[in-house]
Amino acid sequence: MSFNNSQRTEPGTEEELAQKEQLNKKIKEQKILVDELSNLKKNRRVYTQQPNSNIFFLTDKGETLSSCKKDLDNMRKEYQDI
């Protein structure tokens, strides 16, 4: 009986792949968020949701955009490290 080991992977490889896919999905979502914020008209209001709550607060569009860009850069760096 012959057993083919070509489909076997090293331990942790599948976990890393799943983590990479999940991070890639978050990066795509963050890119969309940055694009949406960038294309808003100047007079539009921006609200942020408080963590673990259904409460939203009015925020500055510029600050929110720069925060989202920082998050996107951090996610990209983390993705490259994996």
Q: More than 12 foreign heavy atoms under 6.0 Å from CG of Asp81: is that the case here?
A: yes

Q: Calculate, to the nearest 0.5 Å, the distance between atoms OG1 and CD belonging to Thr48 and Glu63 respectively.
A: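 Rounded to the nearest 0.5 Å, the OG1-CD separation comes to 10.0 Å.
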
Q: Just one of Glu29, Gln30, Lys31 clears the side chain to side chain contact (heavy atoms under 4.5 Å, CB included) bar with Ile27, so which one?
A: Lys31

Q: OH of Tyr79 to CD of Glu21: how many Å apart, nearest 0.5 Å?
A: 8.5 Å

Q: Met75 and Leu23: which non-hydrogen atoms are nearest, and at how many Å?
A: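 That closest heavy-atom pairing would be O-CD2, 3.9 Å.
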
Q: Rounded to the nearest 0.5 Å, what separates atom CZ in Phe56 from atom CD in Gln50?
A: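 Phe56 CZ to Gln50 CD: 9.5 Å, rounded to 0.5 Å.
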
Q: Is there a donor-acceptor pair closer than 3.5 Å between any side-chain N or O of Asn24 and the backbone N or O of Lys20?
A: no

Q: For the CD atom on Gln22, are there more than 12 heavy atoms of other groups (residues, nucleotides or ligands in this structure) within a distance under 6.0 Å?
A: no

Q: Is atom CG of Asn43 surrounded by more than 12 heavy atoms (other residues, nucleotides or ligands) closer than 6.0 Å?
A: yes

Q: Can you tell me how far the CD atom of Glu15 sits from the OG1 atom of Thr13, to the nearest 0.5 Å?
A: 9.0 Å

Q: Side chain to side chain donor-acceptor pair (under 3.5 Å) with Thr59: which residues, sequence neighbours excluded?
A: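 Residues passing side chain to side chain donor-acceptor pair (under 3.5 Å) with Thr59: Thr64.
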
Q: Check step by step if side chain to side chain contact (heavy atoms under 4.5 Å, CB included) holds for Val46 and Leu58.
A: CA-CA 6 Å; Val46 177; Leu58 183 63; 5.8 Å; no

Q: For the CD1 atom of Ile82 and the CD atom of Gln19, what is their distance to the nearest 0.5 Å?
A: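 Reported to 0.5 Å precision, the distance equals 4.0 Å.
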
Q: Distance check, rounded to the nearest 0.5 Å: Asp60 atom CG versus Ser67 atom OG?
A: 11.5 Å

Q: With side chain to side chain contact (heavy atoms under 4.5 Å, CB included) as the test, would you mind laying out the steps for Lys61 and Arg44 before giving the verdict?
A: CA-CA 8 Å; Lys61 181 184 135 186; Arg44 299 299 295 192; 6.0 Å; no

Q: Evaluate Leu37 against Leu40 for side chain to side chain contact (heavy atoms under 4.5 Å, CB included), listing each step before the verdict.
A: CA-CA 5 Å; Leu37 285 171; Leu40 282 179; 4.0 Å; yes

